[in-house]
Q: 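Here it is, the structure in full.
Here is how names work: the chains are called A, B, and so on, in the same order as the sequence lines, proteins then strands, and each is numbered from 1. This one's a predicted model, so the numbers in the text were calculated from it and none came from an experiment.
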Protein chains: 2
Amino acid sequence: MRERPVVMIDVARLAGVSHQTVSRVLNHQPNVKPATRERVLEAVRQLNYRPNAMARGLAGRRSRVLGVVSFDTILYGPAATLLGIEQAARAAGYGVSVATLERIDHDGVVSALGALADQSVAGVVVIAPQAAAAAALRTMPKSTAAVAVEADANGEIPAISVDQVSGARMAVEHLLSLGHRKVWHVSGPRDWLEAQGRIEGWRSTLGDAGLAAPRPIAGDWSARSGYAAGLELASRDDVTAVFAGNDQMALGMMRAFHEHGIRVPADVSVVGFDDIPEAEFLSPPLTTIRQDFDEVGRRCIAALLRVIDNGQPERLTHSAVDPLVTPTLVVRQSTAPLRGAAGPGGMTPGPALRATG
Amino acid sequence: MRERPVVMIDVARLAGVSHQTVSRVLNHQPNVKPATRERVLEAVRQLNYRPNAMARGLAGRRSRVLGVVSFDTILYGPAATLLGIEQAARAAGYGVSVATLERIDHDGVVSALGALADQSVAGVVVIAPQAAAAAALRTMPKSTAAVAVEADANGEIPAISVDQVSGARMAVEHLLSLGHRKVWHVSGPRDWLEAQGRIEGWRSTLGDAGLAAPRPIAGDWSARSGYAAGLELASRDDVTAVFAGNDQMALGMMRAFHEHGIRVPADVSVVGFDDIPEAEFLSPPLTTIRQDFDEVGRRCIAALLRVIDNGQPERLTHSAVDPLVTPTLVVRQSTAPLRGAAGPGGMTPGPALRATG
DNA sequence: AACGAAGCTGTTATCGCTAACAGGCCAATT
DNA sequence: AATTGGCCTGTTAGCGATAACAGCTTCGTT
């Protein structure tokens, strides 16, 4: 014997009006006498009435829920982006439904998109910065409102991105300014657009300085792959500076260096990417490129709501939302001048290390 | 001019049946002739029909979306739990809607719960292991299906938890077995139930061994707070073993030790909690307690679906849902015997360190 | 042969809202 | 005084499904 939930007609009766007037008040429509409006709101309060989202969506042909497709929400970047999106969406009065990709291929994206469509979401944000995912977006019915993070689907749908190229440029220029002439790169998976952008920024910056880019070493964002890359680099004698594709790989790499008696930054300078919360407390504290994921989330929602309101995907209206978020360089202690004062007293030498053996 | 979406009646017409028969086929009801069923399914395929979730929910008075209330989805634990829940929910045919808490107090939980209720979720998982959140759960209308992670709301709603006490016990026993007689603890925030459980396990294990527990040092899960705790401990001379409340704090603490020339594990042994993916690649690789978040997610969904199907919150049916997930000890190189062979060649001494000064 | 009990299908009513239209009222215009 | 056009409000139809009931077969039984 469960009590019937309060519905709009109950409010209408209590306020002595029709249910349509209640609807008008709730949807902030004009043309309701202030006194009536107040009476309705009072009834709403008194009954603790909450409109039924499903009925509302069914009648109005729109829902107040946005979908987010993401891959590996444990990675710092996607997790932080998801949080930013969720907060921005909530501020705009929308709920957020998530669908995580188990596979990262075309079908995986299609199926995740389908799962969200089945929940009648009003629009979708896709955080799946792989080439395959970007391709899958193009197969999406154009009636679906969508924006992508870090996926330039050929202008098919709006894309919000951090300026990876410029971030990589900052990292490399920082190392060059310290006197390093050869900058290695441990990249993310080649099918990730971020990885591609960072490779491009790294390579072009070296090129602009008249330097050749060595072969990039491929990782998979994980600390484990950074460790593997570190082992490879440790076996060479021409390594003084490395730009890692993200902080986790930098962490793993520094572990490998440590095991081989290679000192950071005295022997090798390391720059990461992301500025994870732990970066400041690694040994040594990591110089890295910070991305503003909250800003990414905010711009995603702003762009998505615009698409929803227009009823049409906006085509290249880049004037409205600047799609590129600028990252910033955070200098800590994992970078030092090439052959700079080798002993203590040099430039930002980091904390003293003691021998352990 | 947008094309009308395919609805059930379209399928019915194409298959030459009534819409109700289509509904029966789609809901796997019996009493449909196999030939008819096949005809309907063929029509569904041909039109690429997808049922409208809102209409379905409105008519059937139930939705296929579950809500998750979480705090700080960037923290490893909540993020991993969320992922586990999402995957288990999808496997059960449910979508997942998230609401992140901006504030961690009573009102924050109530408002997040309300936001989810407005989306007509069928049930809610609350990942908000604070005492305040647990209290808020009790104010929830009992008609709402809900389960909590790590929050024993006095048996009001089912709770899925990792056995924090036993995890802490493993950590401390490991340190005791290495000969340490005084084990410090850097705890999480006191209002987090996990933090309380780990403190309890730590204290009782020491008690069982006839040892007194020093005053725990309070952190906030962040590497920064671990660093601060590390500075405090570094100023003492009676520190040989520390059990950190999580891996991030262990990381920050080790950084502080490093800056003060305190070697891990030669001078101080450190145990963390969580086994974040990076733990293996810290310097030194971190001994820690692993939690199985996927299992937590699976049990959450299982319990929640049971509540939904019963139509009533199950009261203390702990026999049905095994409430405690057992963590495991992962031994790496941040722990060593007390005063064990002080030089190289000792037991798991970790990689050699070189002087850097 | 007649009967009830299944099995299969269709018709109608609802779910709780918003959209569209249809008024009633009152001030401002002709 | 009659007409116009805003305001405000109510009535009636849907939205696209499921629930409940009813009707028609087709069996197996007595």
Q: Distance-only, no hydrogens or angles: does the B/Q119 side chain make a donor-acceptor pair with backbone N or O of A/A53 under 3.5 Å?
A: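 Absent.
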Q: Please confirm whether the shortest side-chain N or O distance from A/R62 to OP1 or OP2 of C/dA19 is below 4.0 Å.
A: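 For C/dA19, OP1/OP2 do have a side-chain N/O of A/R62 under 4.0 Å.
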Q: May I have the distance from A/M54 (atom CE) to C/dG16 (atom P), rounded to whole angstrom?
A: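 Atom-to-atom, A/M54 to C/dG16, this comes out as 10 Å.
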Q: Within the 4.0 Å heavy-atom criterion, would you say A/S18 contacts the bases, only the backbone, or no part of the nucleic acid?
A: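 Since a base atom lies under 4.0 Å of A/S18, the category is base.
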Q: Roughly, in whole Å, what's the span from CG in B/N52 to C1' in D/dT18?
A: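 It works out to 13 Å between those atoms.
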Q: Could you check how far CG of B/L58 sits from C1' of C/dC15, rounded to whole Å?
A: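 That distance rounds to 4 Å.
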Q: For A/R50 and C/dG16, what is the distance between atoms CZ and C1' respectively, to the nearest whole Å?
A: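 Atom-to-atom, A/R50 to C/dG16, this comes out as 16 Å.
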Q: How far apart are the closest heavy atoms of B/V17 and B/V40, and which atoms are they?
A: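 Residues B/V17 and B/V40, closest heavy atoms: CG2-CG2, 4.0 Å.
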Q: For C/dT18 and A/S23 - does any side-chain N or O of the residue sit under 4.0 Å from the phosphate oxygens OP1/OP2?
A: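 Result: yes.
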Q: Take atom CG of B/L26 and atom P of D/dG16, then tell me their distance rounded to the nearest Å.
A: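 Between P of D/dG16 and CG of B/L26: 16 Å.
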Q: Ignoring backbone atoms, establish whether B/R24 has a side-chain N or O less than 4.0 Å from OP1 or OP2 of D/dA20.
A: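 For B/R24, the contact criterion (side-chain N or O under 4.0 Å from OP1 or OP2 of D/dA20) is not met.
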Q: Using a 4.5 Å cut-off on heavy atoms from C-beta on, say whether the side chain of A/P51 contacts that of A/M8.
A: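 Not in contact.
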Q: Would you mind reading off the distance between A/R64 atom CZ and C/dT18 atom P, rounded to a whole angstrom?
A: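 Atom-to-atom, A/R64 to C/dT18, this comes out as 12 Å.
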Q: Which parts of residues 27-45 of chain A get close to DNA chain D, meaning a heavy atom less than 4.0 angstrom away?
A: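 Result for residues 27-45 of chain A: A/N31, A/V32, A/K33, A/T36, sorted by number.
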Q: Taking only N and O in the side chain of B/T21, is any of them less than 4.0 Å away from OP1 or OP2 of C/dG10?
A: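 The answer is yes; a side-chain N or O of B/T21 sits under 4.0 Å from OP1 or OP2.
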Q: Any donor-acceptor pair, under 3.5 Å, between the side chain of A/H19 and the base of D/dT9, if you only look at N and O atoms?
A: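 Answer no: no donor N or O sits under 3.5 Å from an acceptor.
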Q: Quickly work out the B/I9 CD1 to D/dT18 C1' distance and round it to whole Å.
A: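 Between C1' of D/dT18 and CD1 of B/I9: 13 Å.
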Q: Can you name the one residue among A/V98, A/V69, A/I85 that meets side chain to side chain contact (heavy atoms under 4.5 Å, CB included) with A/I127?
A: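 That would be A/I85.
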Q: Can you tell whether the side chains of A/D118 and B/R64 come within less than 4.0 Å, N to carboxylate O?
A: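 B/R64 and A/D118: not salt-bridged.
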Q: Do B/Y76 and A/I74 come within less than 4.5 Å of each other through their side chains, counting heavy atoms only?
A: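 B/Y76 vs A/I74: side chains touch.
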Q: Is it true that A/E42 and A/R45 make a salt bridge, defined as a side-chain N closer than 4.0 Å to a carboxylate O?
A: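 Between A/R45 and A/E42 there is a salt bridge, with a charged N closer than 4.0 Å to a carboxylate O.
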Q: Does B/Y49 put a side-chain nitrogen or oxygen below 4.0 Å from OP1 or OP2 of D/dG16?
A: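 For D/dG16, neither OP1 nor OP2 has a side-chain N or O of B/Y49 closer than 4.0 Å.
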Q: Rounded to whole angstroms, how far apart are CD on B/Q20 and P on C/dT14?
A: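 Taking CD of B/Q20 and P of C/dT14, I get 16 Å after rounding.
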